[in-house]
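Numbers restart at 1 for each chain; the letters A, B, ... are given by sequence-line order, proteins then strands.
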Amino acid sequence: MSQVRVRFAPSPTGDFHIGSARTALFNWLYARHTGGVFILRIEDTDRERNTPEALRLLLDGMRWLGLNWDEGPEAGGEHGPYFQSERGDIYKEHLEKLREAGRAYDKDGAVWFKISDEPQVIEDAIRGRVERTEEKDFVIFRSNGAPVYHFTVVVDDIAMGITHVLRGEDHLSNTSKHTELFVAFGAPLPIFAHFPLILKSHGPGKMSKRDEGALIEDYQRRRFLPEAVRNYLCLLGWNPKDDSEVMSIDEIIERFGFTGINRNNARFDEKKLAHFNTEHLRLLPLETFTLMVRPDLDETGVVPEDTDEDYLQAVLGLCQEKVRSFPELPAYIGYFFNDNFEYAEKAHKKVFRKGDPPTRVRELLAALESLEDFSEVALEQTLQGLAEANGLYTGEYIHPARLAVSGTDAGPGLYALLRVLGKERTIRRLKRFVEKFG
RNA sequence: GUCCCGUUCGUCUAGCCGGGUCCAGGACACAGGGUUUUCAUCCCUGUAACAGGGGUUCAAAUCCCCUACGGGACGCCA
């Protein structure tokens with residue numbers, strides 16, 4: 001069989017939203033799975049509504065998601081141009097063919113396509129056989145001379161040698177118009193595959209640009225991991241049949257196919273997306289994690305410029321598995337880089353509710369000052385030894401210690417925390433606590 | 001209104017084609033419990049679904065029909 005050629009054909013009229021992104025994704029996956037060609041074609045025939053800004057958003061979003069195209073804008077290819085606005089001559093030629101065949105006529109200043117009286121049969125790769133009869137002739141060129149979507153899409157799919165048309169179910173009813181045109185041009189039908197739509201999380205209807213969480217741009221801005229968004233999107237309407245969820249893109253490409261695509265619409269769930277983000281965050285090698293979180297750290301300025309790189313790495317290594325997203329990291333690690341952090345009121349109250357924290361911290365300070373080995377094992381032994389010697393629970397030292405060195409009541413395990421902070425910082429902070437609270 | 005597509009836990013879904021192994025499995029969310037010095041981690045447990053009705057069959061989530069509901073398309077938008 002000849003090589004698979006699929007296309008994603010958006011119109012740059014607004015934001016790049018999740019539904020479009022998934023259409024692009026499924027086409028891309030199918031191309032990569034089959035070793036085929038993924039084409040990006042810009043459907044900008046509606047001059048009124050297209051904007052360069054929307055195009056930029058689209059290309060950025062595609063790249064962010066890792067959906068590289070083999071032919072299209074900025075990539076070139078032998079079937080260009082890839083902007084419909086530049087394909088006027090091709091449309092005119094094809095219109096002539098229809099006129100010659102007696103299938104096009106003028107009315108009210110527009111050009112109309114004369115439908116056949118045949119019922120159209122669509123062998124859909126996902127839905128099976130679907131029959132639909134077109135009921136009336138439709139416009140293919142507007143009175144302002146611009147060609148209409150149903151016409152351009154078919155002409156381009158023929159001219160670009162598209163073998164498979166993969167798109168949302170919202171196009172299923174239009175497909176009978178398209179098959180009419182394919183037949184009128186004497187062209188073979190591509191294989192159609194219509195997948196389910198993404199419905200909004202709450203309320204009726206499909207997801208639209210106005211809905212919460214609908215924009216790819218939003219996820220870029222909120223620093224989601226593109227592989228997490230992509231992974232989640234793959235599972236909205238497709239599944240590998242064996243309960244696998246968090247997968248590498250190579251694994252998804254390997255397993256992707258029509259048999260795993262569902263027929264019923266899926267509701268978008270931001271909580272599950274957040275879960276994928278957390279999972280993928282944990283999978284990141286520390287060096288990558290460090291590199292990626294840099295912008296968040298720079299933006300908030302929590303890490304001073306002269307910070308030792310090894311120390312930063314150690315801190316991140318400790319905290320990577322504790323956070324659920326990049327933006328929450330700066331606040332989570334702030335105290336590591338600032339000895340003069342504030343003691344959180346809630347944590348302070350909690351710790352001071354019982355026992356004698358200042359005394360415990362003083363005892364701990366004395367013990368740690370003479371401790372050379374700041375390994376977790378040694379620290380643990382020291383604290384436990386101290387507790388035993390004074391007939392107290394280790395918790396009576398641990399909680400005040402945490403408050404004293406971090407100002408909070410939550411965070412990484414205390415021994416690891418102290419190890420990373422190191423002796424000098426730890427001592428300094430314990431002293432500060434003693435000075436402040438006696 | 002007409003036509004097209006669909007309907008399994010709150011949500012994403014497995015199972016359906018080739019009916020029995022399904023008093024329906026997994027994940028997210030939620031609830032409870034546990035581990036840990038803490039927590040935003042981790043572990044365990046629990047709650048919870050075959051839209052309804054009719055048929056076919058020894059047997060139906062699985063096959064057929066009807067109804068209801070959901071979604072989509074009916075533009076000189078794409």
Side-chain angles (χ1 to χ4, degrees), chain A residues 9-14 20 43-46 48-50 84 107-112 122 124 126-128 130-136 138-150 152-153 167-177 194 196-199 201-202 204-206 232 235-246 259-260 262-276 278-279 282 319-325 328 331-332 347 350-351 380 383-384 387 393-403 406 408-415 417:
Chain A
S11 54
T13 55
S20 303
E43 309 218 325
D44 55 351
T45 53
D46 185 355
E48 311 286 301
R49 304 194 330 177
N50 297 304
Q84 289 190 329
K107 191 177 97 182
D108 304 330
V111 184
W112 295 67
I122 301 143
D124 193 280
I126 293 165
R127 277 151 218 286
V130 177
E131 287 185 42
R132 192 168 182 283
T133 308
E134 265 316 303
E135 291 185 342
K136 49 185 201 275
F138 53 91
V139 171
I140 51 178
F141 272 78
R142 302 182 182 94
S143 46
N144 70 4
V148 167
Y149 166 74
H150 298 300
T152 59
V153 75
R167 59 186 15 170
E169 199 212 319
D170 47 347
H171 287 288
L172 186 53
S173 306
N174 291 148
T175 306
S176 44
K177 286 190 179 70
H194 290 91
L197 267 23
I198 300 175
L199 269 27
S201 338
H202 306 287
K206 66 173 174 173
Y232 174 67
L235 263 16
L236 227 43
W238 172 83
N239 78 84
K241 304 281 182 195
D242 69 351
D243 299 337
S244 302
E245 292 205 326
V246 175
T259 50
N262 287 106
R263 275 166 286 268
N264 47 316
N265 295 342
R267 212 167 274 278
F268 184 79
D269 181 0
E270 240 192 305
K271 281 192 172 146
K272 189 140 188 179
L273 205 198
H275 168 251
F276 276 94
T278 306
E279 293 293 317
R282 300 218 165 111
C319 300
Q320 178 179 3
E321 63 174 33
K322 304 283 285 186
V323 297
R324 295 176 62 86
S325 68
E328 62 187 64
Y332 191 79
K350 198 168 138 191
V351 170
E380 184 168 1
L383 256 87
Q384 281 177 350
Y393 291 110
T394 24
E396 299 226 36
Y397 288 93
I398 283 162
H399 298 295
R402 174 182 298 283
L403 180 66
S406 75
T408 100
D409 59 352
L414 182 73
Y415 307 123
L417 174 58

How long is the line joining [atom1] of [X] and [atom2] of [N], in whole Å?
X: A:H194; N: B:rG6; atom1: NE2; atom2: P; answer: 13 Å
X: A:H275; N: B:rA40; atom1: NE2; atom2: P; answer: 16 Å
X: A:I198; N: B:rG71; atom1: CD1; atom2: P; answer: 16 Å
X: A:R127; N: B:rC3; atom1: CZ; atom2: P; answer: 19 Å
X: A:N262; N: B:rC16; atom1: CG; atom2: P; answer: 13 Å
X: A:D170; N: B:rA78; atom1: CG; atom2: C1'; answer: 10 Å
X: A:N239; N: B:rU8; atom1: CG; atom2: P; answer: 14 Å
X: A:N144; N: B:rC77; atom1: CG; atom2: P; answer: 8 Å

Could you check whether the side chain of [X] and the base of [N] have a donor-acceptor pair of N or O atoms closer than 3.5 Å, going by distance alone?
X: A:D243; N: B:rG25; result: yes
X: A:S173; N: B:rC3; result: no
X: A:K136; N: B:rC74; result: no
X: A:K272; N: B:rA27; result: yes

Nucleotide of [options] approaching [X] most closely (side-chain heavy atoms):
X: A:E43; options: B:rU7, B:rA78, B:rU37; value: B:rA78
X: A:L172; options: B:rA40, B:rC5, B:rA78; value: B:rC5
X: A:E245; options: B:rA27, B:rA78, B:rU13; value: B:rA27
X: A:T45; options: B:rA14, B:rG71, B:rA78; value: B:rA78
X: A:E135; options: B:rC42, B:rU2, B:rA73; value: B:rU2
X: A:E169; options: B:rC5, B:rU13, B:rC76; value: B:rC5
X: A:D269; options: B:rC76, B:rC28, B:rU37; value: B:rC28
X: A:R282; options: B:rC28, B:rU41, B:rU37; value: B:rU41

| query | Think A:K206 has a side-chain N or O under 4.0 angstrom from the OP1 or OP2 of B:rC5? | reply | no
| query | OP1, OP2 of B:rC12 versus side-chain N and O of A:N265: anything below 4.0 Å? | reply | no
Using the [atom1] atom on both, measure [N] against [M] and round to a whole Å.
N: B:rU11; M: B:rG70; atom1: P; result: 14 Å
N: B:rU62; M: B:rC17; atom1: C1'; result: 10 Å
N: B:rU8; M: B:rC50; atom1: C1'; result: 5 Å
N: B:rA14; M: B:rU37; atom1: C1'; result: 42 Å
N: B:rG53; M: B:rC9; atom1: P; result: 16 Å
N: B:rC64; M: B:rC16; atom1: C1'; result: 14 Å
N: B:rG71; M: B:rA24; atom1: P; result: 30 Å
N: B:rG20; M: B:rG25; atom1: P; result: 16 Å

| Closest-nucleotide ordering on RNA chain B, the 5'-leading residue of A:E131 and A:D108 |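 Result of the comparison: A:E131.
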| For RNA chain B, whose closest nucleotide is more 5', that of A:G260 or that of A:D409? | A:G260
| message | Below 30° counts as parallel, above 60° as perpendicular, anything between as tilted: where do the rings of A:F268 and A:Y232 land? | response |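 Perpendicular.
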| said: Salt bridge or not between A:D170 and A:K206? Use side-chain N to carboxylate O under 4.0 Å. | reply: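 Yes.
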| query | Is the shortest distance from a Lys or Arg side-chain nitrogen in A:K272 or A:E245 to a carboxylate oxygen in the other one below 4.0 Å? | reply |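 So A:K272 pairs with A:E245 through a salt bridge.
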May I ask you to say what [X] touches in the nucleic acid, namely base, sugar-phosphate or nothing, with a heavy-atom cut-off under 4.0 Å?
X: A:S143; result: base
X: A:K322; result: base
X: A:P204; result: sugar-phosphate
X: A:G168; result: nothing
X: A:L414; result: base
X: A:A266; result: sugar-phosphate
X: A:F138; result: nothing
X: A:G237; result: sugar-phosphate
X: A:N174; result: base
X: A:E328; result: nothing
X: A:R267; result: sugar-phosphate
X: A:G395; result: nothing

| field | Side-chain heavy atoms of A:V246 within contact of A:F276, under 4.5 Å | value |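 Side-chain contact under 4.5 Å: yes.
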| said: Just so I know, are the side chains of A:E169 and A:N265 near enough to count as touching, which here means a heavy-atom distance under 4.5 Å? | reply: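 Yes, at least one pair of side-chain atoms sits under 4.5 Å.
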Checking base pairs now: Watson-Crick or wobble, both atom distances under 3.5 Å. What partners [N]?
N: B:rU7; answer: B:rA68
N: B:rC58; answer: B:rG20
N: B:rA31; answer: B:rU45
N: B:rG1; answer: B:rC74

| Is the backbone N or O of A:L403 less than 3.5 Å from a side-chain atom of A:S406, with the two atoms forming a donor-acceptor pair by type? | no
| request: Taking A:N262 for its side chain and A:N264 for its backbone only, find out whether a donor-acceptor pair lies under 3.5 Å. | output: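 No, because the side chain of A:N262 does not come within donor-acceptor range (under 3.5 Å) of the backbone of A:N264.
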| task | Check A:R127, A:R167, A:R263 against A:H194 for a side-chain hydrogen bond (donor to acceptor under 3.5 Å, both in side chains) and give me the one that passes. | result |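 With A:H194 as partner, A:R127, A:R167, A:R263 yield a single side-chain hydrogen bond (donor to acceptor under 3.5 Å, both in side chains), made by A:R167.
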| When you check the side-chain N and O atoms of A:S176 and A:E134, is any donor under 3.5 Å from an acceptor? |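 A:E134 and A:S176 do have a side-chain donor-acceptor pair below 3.5 Å.
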| Rounded to the nearest 0.5 Å, how far does CZ of A:R402 lie from CG of A:D409? | 8.0 Å
